[in-house]
Amino acid sequence: MGWIEFVAAFAAFFLSHSLPLRPPVRAALRARLGRRGFGLAYSALSLAVLAWLIGAAARAPHVPLWDWAPWQNVVVIAVMLAVCLLLALALGRPNPLSFGGAWNDRFDPTRPGIVRWTRHPVLTALALWSAAHLLANGDLAHVALFGTFAGFSLLGMRLVDRRKRADMGPDWTRLVQAVRAAPRSASWRGEPRLALRLGLGLALYAALLWAHPLLFGVDPLA
């Protein structure tokens, strides 16, 4: 039963992340729910299916592929700090070069913020999260889970670049070149409320450390 549930959860994950985004389906759902309602419903569905998939991986038969060692937890704890800070610096800010940017018309390529370091900070955070947890979970189900997420994140960067290049035309190339030409110091000057964002990232990191044993039954600090 464990493998059947795991495969079913994987199938539901991919279907929930592909079908609602197909242009005819997305247009019909937005017409019925509104743009904001569609975004909220899609986010809730994605989180629910992700929680099911993670739980199904934990319930799948344990097939070890490599041994666990304490240093792996140290790597995860360190990488997750970077993940939380990346998310805090990325969410709710302009980024016309990736998905989910807010107020993209206000984006200033001479002060690109975190976009100076990575065009796709959310996907970069997902890739780091996946790779770190892949290292510390050497059983077959979790290797399949986190390995797929890591590949999904890396492939997603290329797919988003291709879609944005097609949508924006020559403006995409000009914008990418302008971001690359911006001084690295401009990254931090371009972050609105930098101290607040860093504080929120640290708060998210602390909350994850506290909640991890409650949500997943594993204490990363033990």
Side-chain angles (χ1 to χ4, degrees), residues 10-50 53 82-83 85-131 147-184 186-194 197 201:
F10 242 129
F13 177 81
F14 282 109
L15 288 174
S16 66
H17 283 76
S18 58
L19 286 179
L21 297 182
R22 294 181 65 85
V25 178
R26 180 171 58 185
L29 290 174
R30 282 183 173 176
R32 180 176 294 273
L33 302 174
R35 182 178 295 270
R36 183 177 179 82
F38 171 79
L40 291 174
Y42 180 71
S43 298
L45 175 64
S46 299
L47 289 174
V49 174
L50 177 61
L53 179 56
V83 167
L85 293 177
L86 263 175
L87 291 175
L89 292 171
L91 296 177
R93 75 173 316 283
N95 183 5
L97 297 174
S98 191
F99 70 93
W103 303 291
N104 287 340
D105 56 316
R106 304 180 188 177
F107 182 73
D108 181 359
T110 65
R111 302 177 62 190
I114 192 61
V115 182
R116 174 62 178 80
W117 300 87
T118 169
R119 286 195 296 275
H120 308 292
V122 175
L123 288 174
T124 300
L126 179 59
L128 290 173
W129 170 78
S130 305
T148 300
F149 281 159
F152 181 80
S153 306
L154 297 175
L155 178 62
M157 296 180 196
R158 299 187 63 179
L159 293 177
V160 172
D161 277 346
R162 187 172 66 182
R163 186 175 72 241
K164 289 290 185 177
R165 188 185 295 113
D167 291 343
M168 298 173 65
D171 289 339
W172 185 88
T173 302
R174 286 195 293 268
L175 196 58
V176 168
Q177 291 174 344
V179 168
R180 289 174 177 169
R184 294 197 173 188
S187 300
W188 312 122
R189 292 200 305 270
E191 290 294 349
R193 300 184 178 90
L194 177 60
R197 286 180 175 272

In terms of the angle between their ring planes, are F14 and F10 parallel, tilted or perpendicular, with boundaries placed at 30° and 60°?
-> parallel
Value for CG (L40) from CG (L33), rounded to nearest 0.5 Å, stands at 9.5 Å
Using a 4.5 Å cut-off on heavy atoms from C-beta on, say whether the side chain of W117 contacts that of V179.
-> no
Taking C-beta and beyond as the side chain, do L53 and F149 meet within less than 4.5 Å on heavy atoms?
-> yes
Between the main-chain N or O of L91 and the side-chain N or O of R197, is there a donor-acceptor pair closer than 3.5 Å?
-> yes
List the atom of L97, the atom of H120, and the distance in Å for their closest heavy-atom pair.
-> O-CE1, 3.3 Å
Would you confirm whether K164, through its side chain, and S98, through its main-chain N or O, come within 3.5 Å as a donor-acceptor pair?
-> yes
Is R30 atom CZ crowded by more than 12 heavy atoms from other residues, nucleotides or ligands, each under 6.0 Å away?
-> yes
Only one of L87, L126, N95 forms a side-chain contact (heavy atoms from CB on, under 4.5 Å) with P121, so which one is it?
-> N95
Would you say R165's side chain and W172's backbone share a donor-acceptor pair under 3.5 angstrom?
-> no
Identify the heavy atoms of L123 and G156 that sit nearest to each other, and give their distance.
-> CD1-C, 3.7 Å
Of the non-hydrogen atoms in P96 and N104, which two are nearest, and what is the gap between them?
-> N-OD1, 3.6 Å
Please name the pair of heavy atoms, one in R119 and one in R180, separated by the smallest distance, quoted to 0.1 Å.
-> NH1-NH2, 3.6 Å
Flag yes if more than 12 heavy atoms outside Y42 fall under 6.0 Å of its OH atom; otherwise flag no.
-> yes
If you look at every heavy atom in P109 and A182, which pair is closest and at what distance?
-> O-CB, 3.6 Å
